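Worksheet: one structure, shown below.
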Amino acid sequence: MNFIEDLKWRGALNQVTDEAGLLEAMSNDKIGAYVGTDPTAPSLHLGHLIPFMVLKRFQNAGGKAVIIIGGGTGAIGDPRPTTERKLLSPEQLAANEQGITAQVTKLFGTGDTQIVNNNDWLGKLTLTDFLRDYGKLFSINVMLKKDVVASRLETGISFTEFTYQILQGIDFHELWRRHNVQLQIGGSDQWGNITSGIDLIHAIEGNEAKAFGLTIPLMTDATGKKFGKSEGNAIWLDAEKTSPYTFYQFWYNQSDADVVKYLKYFTFLSVDEINELEKVSQENPGAREAQRRLAQEVTKFVHGQAAVEEAERLSAALFSGDVADLSADEIADAFGGVPSFEIEQAPKNIVDFLVDGQIESSKRQAREDVTNGAIRINGEQIKDLEAVIDPASHYDGQFVLVRRGKKKYFLGKVQ
RNA sequence: GGGAGUGUAGCGAAGUCUGGCUAAACGCGACGGACUGUAACUCCGUUCCUUCGGGUUCGUAGGUUCGAAUCCUACCGCUCCCA
């Protein structure tokens, strides 16, 4: 199976500009492909992982992976279909660039990968050079027709964001020139920006210049919701923002209807392996074999093998439910990945305890959950609103382990 | 600058003409529970705060009234049309 066939089988292909041409270019030469990310946040989240997975597959298919950290484009802002973005401060941008660069480096290693920051060339471009060298090559008429711009004409779009597509076009051309990058990969919303780049390359280098674009379909789950949120929160790749345990659990909890789709999309398992897992999953869905494998593979890719083992150890401890007999050391060891909060040594009423530990948002809510039997302290269900929590009662007086609902854990640490 | 709209709980959206029955319909989301396979579906409950007596809300500030999300005035924000 070639690169494109593999993507099709995985359901990871939305549009390609010239499928045959791309395959030919790949077989004739070691070409590069790139994915760009603007540093809009200090960490990547699962949505970002999607194009990176495809880039990695491209690399595995013998290509060279190039990643742009968009210091320059991030300073401008890729227009959203609805509203204008707020500009990020230079300090924020710098911090975000640093965080994201570190993550990408971890994902791709240092092998056949190039990580560049487009601020290196965009930052040096003077206004007059920009207008003379690039502005002349872009037709306002074409730019206005791009989907994002068209949708913004109603509500308004600043000149700054309007210009974004030119900047991304310049990026593609720069990489084409410097690193033999002939393919740009992105989400389906990037089609317009990608074709801007291809057009620019053709305008500067001539129509015979090889440049291709490939987009990936928007990922949704079986109920049609946008993928990648857990309880309304984004799943981050940064272990500080989303613990490896939570990350692992996110994948482990995927529904049967979605799991095969995600195996195809988010793992490098072979066709045979995935087909086998699909079969196993259908025959015995309750064993959650496919989900387990999915969780292992993706957690390994993002956080490493040690994190997988840690997450599985923690999961085993939590879901056995038998936590009261663990030692303080075991608690510290196993529950390190669970959200924690600081507590005082003195005994405290259950409701106050939950609110002070920010496990509950208000006393009202805390009472409701306690009354419903949703709260367990050190493994023991507490339904009495007057109950007093004494940190000294378990784990050498060091910890109080709180469980809310069926599977949310919090660790109180005595100061 | 002129004209027309609009601003309600996390979001969407009723209620405004015909003031009290409105802490404010309904939907989504979120949270909890039952079921289960740490799934999906379904079902049930909760969703401003509370010392459970009550308190504070419907863009903001005033006013009318026994009583205002609902009427009046000013201001602020947003959208559209004309210039």
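Residue numbers begin at 1 in each chain, while the letters A, B, ... track the order of the sequences. A quick note: this is a predicted structure, and the numbers were derived from the prediction, not measured. Computed from heavy atoms alone, side chains included, the values below leave out hydrogens, waters and symmetry copies.
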Is the ring centre of Phe266(A) less than 6.0 Å from the ring centre of Trp251(A)?
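Ring-ring flag for Phe266(A)/Trp251(A): true, centres closer than 6.0 Å.
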
Please determine, for [N], whether a Watson-Crick or G-U wobble partner exists with both distances under 3.5 Å, and give it or none.
| N | answer |
| --- | --- |
| A40(B) | none |
| G20(B) | C66(B) |
| C28(B) | G10(B) |
| U51(B) | none |
| U73(B) | A61(B) |
| C78(B) | G5(B) |

From [options], nucleotide with atom closest to [X] side chain:
| X | options | answer |
| --- | --- | --- |
| Pro285(A) | U38(B), G37(B), U46(B) | G37(B) |
| Asn253(A) | C31(B), U38(B), U50(B) | U38(B) |
| Glu368(A) | C49(B), C31(B), G37(B) | C31(B) |
| Ser315(A) | U50(B), G37(B), U38(B) | U38(B) |
| Gln291(A) | G37(B), U50(B), G33(B) | G37(B) |
| Asn372(A) | U50(B), G32(B), U38(B) | G32(B) |
| Phe319(A) | U38(B), C31(B), C49(B) | U38(B) |
| Ala374(A) | U50(B), G37(B), G32(B) | G32(B) |
| Asp369(A) | A39(B), C31(B), U47(B) | C31(B) |

Can you tell me how far [atom2] of [N] sits from [atom1] of [X], to the nearest Å?
| X | N | atom1 | atom2 | result |
| --- | --- | --- | --- | --- |
| Asn349(A) | U50(B) | CG | P | 13 Å |
| Glu386(A) | U51(B) | CD | P | 11 Å |
| Lys407(A) | G32(B) | NZ | P | 10 Å |
| Ile382(A) | G33(B) | CD1 | P | 15 Å |
| Arg288(A) | A40(B) | CZ | C1' | 10 Å |
| Arg364(A) | G55(B) | CZ | C1' | 15 Å |
| Lys261(A) | A39(B) | NZ | C1' | 15 Å |
| Gln365(A) | C48(B) | CD | P | 10 Å |

Give me the distance, rounded to whole Å, that separates [N] from [M] when you measure between the [atom1] atoms they each carry.
| N | M | atom1 | answer |
| --- | --- | --- | --- |
| A34(B) | U38(B) | P | 13 Å |
| U50(B) | C71(B) | C1' | 33 Å |
| C49(B) | U57(B) | C1' | 10 Å |
| G77(B) | A61(B) | C1' | 15 Å |
| C48(B) | C43(B) | P | 23 Å |
| C72(B) | G7(B) | P | 15 Å |
| G27(B) | U6(B) | P | 25 Å |
| G29(B) | C11(B) | C1' | 7 Å |

Minimum heavy-atom separation for Met26(A) and Ala61(A), please, with both atom names.
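The answer is CE-CB, 4.1 Å.
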
Reckon [X] has a side-chain N or O less than 4.0 Å from the OP1 or OP2 of [N]?
| X | N | answer |
| --- | --- | --- |
| Arg404(A) | G32(B) | yes |
| Lys408(A) | G32(B) | yes |
| Lys363(A) | C49(B) | no |

Check the orientation of Phe162(A) and Phe159(A). Use parallel for under 30°, tilted for 30 to 60°, and perpendicular for over 60°.
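Because their plane-to-plane angle lies in the 30° to 60° range, the rings of Phe162(A) and Phe159(A) count as tilted.
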
The single option from Val355(A), Leu385(A), Leu354(A) passing side-chain contact (heavy atoms from CB on, under 4.5 Å) against Lys363(A):
Val355(A)

Using a distance-only criterion (donor-acceptor N/O pair, under 3.5 Å, no hydrogens), is the base of G37(B) paired with the side chain of Asn284(A)?
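No such pair is found, so the answer is no.
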
What about Gln249(A), does its side chain sit under 3.5 Å from the base of U38(B) through a donor-acceptor pair?
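When only heavy-atom distances are counted, Gln249(A) does reach the base of U38(B) through a donor-acceptor pair under 3.5 Å.
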
Residue met sooner reading RNA chain B from 5', once Ala287(A) and Ser361(A) are mapped to nucleotides
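This one resolves to Ala287(A).
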
Check whether Tyr252(A) forms a cation-pi arrangement with Arg288(A) (NZ or CZ under 6.0 Å from the six-membered ring centre, at most 45° off the ring normal).
yes

Lys413(A) to Phe341(A), cation-pi by 6.0 Å centre distance and 45° axis angle:
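No, cation not above the ring by the 6.0 Å, 45° rule.
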
How is Arg367(A) classified with respect to the nucleic acid when contacts are heavy atoms under 4.0 Å: base, sugar-phosphate, or nothing?
base

Do Arg313(A) side-chain atoms and Val308(A) backbone N/O form a donor-acceptor pair below 3.5 Å?
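Checked: no pair found.
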
Report yes if some heavy atom in the side chain of Asp199(A) is under 4.5 Å from a heavy atom in the side chain of Ile201(A); otherwise report no.
no

Which label fits G27(B), syn or anti, where anti is any glycosidic angle not within 90° of 0?
anti

